[in-house]
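Just below is one structure, and these are the notes that go with it.
Here the structure is a predicted model, which means the values were calculated and not measured.
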Amino acid sequence: MCMCWHLQVVGKPDRSQLEWIGSSKSREYVLNLPPSPPANFKERYPNAPDLAVDLLNRMLKLNPAERITAEDALARTCGRICFGHLCKCGVV
């Protein structure tokens, strides 16, 4: 169920994007799912800053090796995205 939700968000990948999955059965399962385009976060969240949309796209990559690391995400966004409160680097 979690994988299906994730694919609804990121879209169904093609075979070349699934080489990192070790299980051939898992790859075939994904390939046999119905087509689904990736979500357009800018349309879904029209008031979100471009940086937030970019961060969502980077965090939700299907291949873990392609996802942004927590360290890179913090370095990229620190002090630039606030969620209704004052943000400062190093303050959670």
Side-chain angles (χ1 to χ4, degrees):
M1 185 163 153
C2 183
M3 174 64 95
C4 290
W5 175 86
H6 194 101
L7 291 174
Q8 287 175 354
V9 173
V10 301
K12 181 183 171 186
D14 61 30
R15 186 173 295 277
S16 68
Q17 295 170 309
L18 298 175
E19 293 174 359
W20 62 274
I21 297 176
S23 166
S24 60
K25 288 183 180 183
S26 295
R27 282 192 304 272
E28 288 305 314
Y29 171 78
V30 171
L31 289 170
N32 288 319
L33 292 171
S36 70
N40 183 326
F41 292 119
K42 194 61 182 168
E43 285 180 8
R44 190 172 282 188
Y45 306 108
N47 297 323
D50 290 341
L51 190 59
V53 171
D54 180 60
L55 184 60
L56 274 174
N57 283 317
R58 291 170 184 257
M59 289 189 313
L60 294 173
K61 295 284 187 189
L62 186 61
N63 183 341
E66 294 176 2
R67 288 184 204 138
I68 192 169
T69 65
E71 182 178 344
D72 288 343
L74 288 171
R76 181 169 170 71
T77 62
C78 193
R80 292 185 232 161
I81 298 177
C82 293
F83 299 95
H85 56 81
L86 181 63
C87 297
K88 293 183 179 177
C89 269
V91 177
V92 179

[atom2] on [Y] to [atom1] on [X], rounded to 0.5 Å:
{"X": "L60", "Y": "I68", "atom1": "CG", "atom2": "CD1", "value": "11.5 Å"}
{"X": "T69", "Y": "M59", "atom1": "OG1", "atom2": "CE", "value": "12.0 Å"}
{"X": "L55", "Y": "D50", "atom1": "CG", "atom2": "CG", "value": "12.5 Å"}

Just by distance, do the side chain of [X] and the backbone of [Y] share a donor-acceptor pair under 3.5 Å?
{"X": "R15", "Y": "L31", "value": "no"}
{"X": "D54", "Y": "N57", "value": "no"}
{"X": "R67", "Y": "L62", "value": "yes"}
{"X": "E28", "Y": "K25", "value": "no"}

Task: K61, NZ atom: more than 12 neighbouring heavy atoms under 6.0 Å - done: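 Count not over threshold, so no.
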Task: Any side-chain heavy-atom pair of P64 and W20 under 4.5 Å - done: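 Yes. Closest side-chain heavy atoms under 4.5 Å.
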TODO: Specify the closest pair of heavy atoms between K12 and L33, including all atoms of both residues, with the distance to one decimal.
DONE: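 Heavy-atom minimum between the residues: NZ-O, 2.5 Å.
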Open item on the list: I need the minimum non-hydrogen distance between V30 and L18, along with the two atoms involved.
Closed with: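 Looks like CG1-CD1, 3.8 Å.
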